[in-house]
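To start, the structure under review is shown below, and the notes come after it.
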Amino acid sequence: MEYTIVWTDKSRKNLEKLPKDIAARIIERVEIIRDDPFLHIDRLAGSAWYKYRVGKYRVILDIKRKTLIIYVIKIGPRKDVYKDLE
């Protein structure tokens, strides 16, 4: 069963700030996990969210198993992406 990917406004803004080649790579890699995201992701410690590694960048995800939706919450370099997560 394939998950639907929903890009939040914040994640879209994060992508716009990245170089185009890196943004394209992140989009491509997120599309790959749509069939079975749990093979590729790790849970964030102390959170209900997940992280997905794409080189030096991390994609923060919220996954709803019942409705088969992957929400892309935030994207950024590993050193900065975990700051200000709510």
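Computed over heavy atoms, backbone and side chain alike; hydrogens, waters and symmetry mates excluded.
Sorted by first then second residue, the salt bridge (charged side-chain N to carboxylate O under 4.0 Å, His left out) pairs that include residues 61-76, not counting sequence neighbours, are Asp62-Lys64. For the ring pair (Phe, Tyr, Trp, His ring centres under 6.0 Å) condition, no pair includes a residue of residues 16-37, sequence neighbours left out. Applying the ring pair (Phe, Tyr, Trp, His ring centres under 6.0 Å) definition to pairs two or more places apart or across chains, those involving residues 19-41 are Phe38-Tyr50.
In this view, Val72 and Ile5, Trp7, Ser11, Val30, Val59, Leu61, Ile75 satisfy the side-chain contact (heavy atoms from CB on, under 4.5 Å) rule, not counting sequence neighbours. Listed by chain and residue number, Glu2 satisfy the side-chain contact (heavy atoms from CB on, under 4.5 Å) test with Asp35 (two or more places apart in sequence, or in another chain). Qualifying salt bridge (charged side-chain N to carboxylate O under 4.0 Å, His left out) partners for Glu31, counting only residues two or more places apart in sequence or in other chains: Arg34. With sequence neighbours left out, Lys13 forms a side chain to side chain donor-acceptor pair (under 3.5 Å) with no residue at all. Listed by chain and residue number, Asp80 satisfy the salt bridge (charged side-chain N to carboxylate O under 4.0 Å, His left out) test with Lys83 (two or more places apart in sequence, or in another chain). Residues meeting the side chain to side chain donor-acceptor pair (under 3.5 Å) test with Tyr57, sequence neighbours left out: none. For Leu68, the side-chain contact (heavy atoms from CB on, under 4.5 Å) criterion is met by Met1, Tyr3, not counting sequence neighbours. Among residues two or more places apart in sequence or in another chain, the side chain to side chain donor-acceptor pair (under 3.5 Å) test is passed with Arg78 by none.
In the hydrophobic clustering of this structure, Ile33 does not group with Tyr71; members are Ile, Leu, Val, Met, Phe, Trp, Tyr whose side-chain heavy atoms approach within less than 4.5 Å, directly or through other members. Ile69 and Ile41 fall into different hydrophobic clusters, where Ile, Leu, Val, Met, Phe, Trp and Tyr are joined by side-chain heavy atoms under 4.5 Å apart, directly or via other members.
Using a 4.5 Å cut-off on side-chain heavy atoms (C-beta onward), Ile63 and Trp49 make no contact.
With values rounded to the nearest 0.5 angstrom, Ile32 atom CD1 is found 12.5 Å from Leu39 atom CG.
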Could you pull out all donor-acceptor pairs under 3.5 Å where a side-chain atom in residues 19-29 meets a protein atom, sequence neighbours excluded?
from, atom 1, to, atom 2, distance (Å)
Arg29, NE, Tyr52, OH, 3.3

